[in-house]
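From a predicted model like this one, the values you see are computed outputs, not experimental measurements.
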There are 2 protein chains.
Amino acid sequence: MKIGELTKRSGLSAHTLRYYERIGLLPVADRSASGHRDYDAAILVWIEFLDRMKTTGMPIREMLRYAALRETGDATIDARRELLETHRDKVRAHVAELQACLAVLDTKIAGYAGASQVETTHDAEHPLRFRIGKAR
Amino acid sequence: MKIGELTKRSGLSAHTLRYYERIGLLPVADRSASGHRDYDAAILVWIEFLDRMKTTGMPIREMLRYAALRETGDATIDARRELLETHRDKVRAHVAELQACLAVLDTKIAGYAGASQVETTHDAEHPLRFRIGKAR
DNA sequence: CCTTGACTTAGAGTACACTCCAACCCCTAG
DNA sequence: CTAGGGGTTGGAGTGTACTCTAAGTCAAGG
């Protein structure tokens with residue numbers, strides 16, 4: 001598979017795929033006779049995993065650490081599990097935080113819905129005098 | 001309240017507070033005779049709201065838009081509600097995505113827990129040959 | 001009086017994760 | 001054989017949100 005097809009299948013741009021390879025997040029791709037990258041379909045599984053970790057806010061540094069552990073072999077299984085568990089805990093905490101924020105948002109939206117019907121509600125919010133004009 | 005106390009109460013650094021004021025996310029603070037910022041406690045409510053929006057991934061640009069609407073007055077209530085509703089929908093979608101990722105993480109972790117007991121499991125993952133050495 | 005520590009400013013620097021550019025090469029269809 | 005559409009590279013540029021620096025001012029305790 002050439003890089004163009006992998007962009008379609010993975011959703012990552014060719015720029016990003018080359019960038020990931022350069023920093024070591026993707027293995028060095030095989031090359032065709034003409035020097036073009038030639039990917040194995042198995043890479044999609046790894047990219048999907050990276051995508052999920054990215055979605056959940058894992059920094060590239062940590063994905064690199066995971067990739068390095070994986071490369072080292074079976075001896076690192078415990079370390080990998082720990083890494084993922086730590087990350088999972090962070091994600092869970094973040095989800096909880098987001099849900100708390102959602103509750104506040106819902107309340108605020110409900111308040112606006114009421115205020116819009118009543119036409120004018122003066123004490124719903126603190127008056128704040130903002131600077132007039134653009135940021136410097 | 002001086003900026004030092006507000007840093008403690010808000011959790012934002014003095015740098016950040018001044019930065020937020022400069023870009024218009026916080027109202028221009030009153031000044032003491034010596035020119036130091038003198039905050040009203042009411043600002044904490046606004047900062048808390050900003051924090052929540054930040055936590056849920058709202059970009060500063062959009063918070064500025066919200067602040068501008070708020071400043072304009074009651075006529076913008078519908079627009080503000082819409083802004084928050086749009087944001088809420090995004091956050092909900094993101095939470096759903098995170099939960100899907102969490103499910104995958106759980107599965108993967110469970111797999112590792114098994115593999116660690118069995119000592120050696122060879123076909124659990126695709127072998128990927130990573131580049132040896134550092135990124136350029 | 002002097003030191004300490006909190007405050008002030010404009011502007012520069014940082015971290016992260018891309019994203020793009022210039023200038024090139026290579027294959028295939030018309 | 002040439003035009004188009006892929007691919008290649010190193011390195012520079014972008015956007016977001018801070019974060020820090022330099023060079024001061026100011027107020028209060030010992």
Using side-chain contact (heavy atoms from CB on, under 4.5 Å) as the criterion, list what pairs up with A:Lys2, not counting sequence neighbours.
-> A:His36
Separation of D:dT9 C1' from A:Ile3 CD1 (nearest whole Å) = 12 Å
Euclidean distance, atom CG of residue A:Asp30 to atom P of D:dG7 [Å, nearest integer] = 16 Å
For C:dT9, does either OP1 or OP2 sit under 4.0 Å from a side-chain N or O belonging to B:Arg31?
-> yes
Could you state the atom-to-atom distance from CG of B:Leu50 to C1' of D:dA17 in whole Å?
-> 14 Å
With sequence neighbours excluded, what pairs up with B:Phe49 under the ring-ring contact (aromatic ring centres under 6.0 Å, His included) test?
-> B:Trp46, B:Tyr66
Which pairs, protein N/O on one side and nucleotides 15-22 of chain C N/O on the other, fall under 3.5 Å?
from   : atom 1 : to      : atom 2 : distance (Å)
C:dC16 : OP1    : A:Arg61 : NH1    : 2.6
C:dC16 : OP1    : A:Arg61 : NH2    : 3.2
C:dA17 : OP1    : A:Ile60 : N      : 3.4
C:dA17 : OP2    : A:Ile60 : N      : 3.3
C:dC18 : OP2    : A:Tyr20 : OH     : 2.6

With the criterion being N/O to N/O and under 3.5 Å, what pairs connect the protein with nucleotides 23-30 of chain C, and how long is each?
none

Hey, can you pull the residues of residues 83-96 of chain A with a non-hydrogen atom under 4.0 angstrom from DNA chain C?
-> none
Expected output: side-chain B:Thr16 to main-chain B:Leu12 donor-acceptor under 3.5 Å = no
By side-chain contact (heavy atoms from CB on, under 4.5 Å), which residues pair with A:Arg92, not counting sequence neighbours?
-> A:Arg88, A:Asp89, B:Leu102, B:Asp106
For B:Ser10, check side-chain hydrogen bond (donor to acceptor under 3.5 Å, both in side chains) against everything at least two apart and list the hits.
-> none
Kindly write out the residues that satisfy side-chain contact (heavy atoms from CB on, under 4.5 Å) with B:Tyr19, not counting sequence neighbours, or none if the list is empty.
-> B:Arg22, B:Ile23, B:Ile60
With sequence neighbours left out, what residues match A:Glu62 under side-chain hydrogen bond (donor to acceptor under 3.5 Å, both in side chains)?
-> none
Partner residues of A:Thr76 under the side-chain hydrogen bond (donor to acceptor under 3.5 Å, both in side chains) criterion, sequence neighbours left out | A:Arg80
Rounded to whole Å, CG of A:Leu17 lies from C1' of D:dT8 at a distance of 14 Å
Quick one: list whatever passes side-chain contact (heavy atoms from CB on, under 4.5 Å) with A:Asp38, sequence neighbours left out.
-> none
For A:Arg65, the side-chain hydrogen bond (donor to acceptor under 3.5 Å, both in side chains) test, sequence neighbours excluded, returns none
Would you indicate, yes or no, if C:dT9 has its OP1 or OP2 atom less than 4.0 angstrom from a side-chain nitrogen or oxygen of B:Arg37?
-> yes
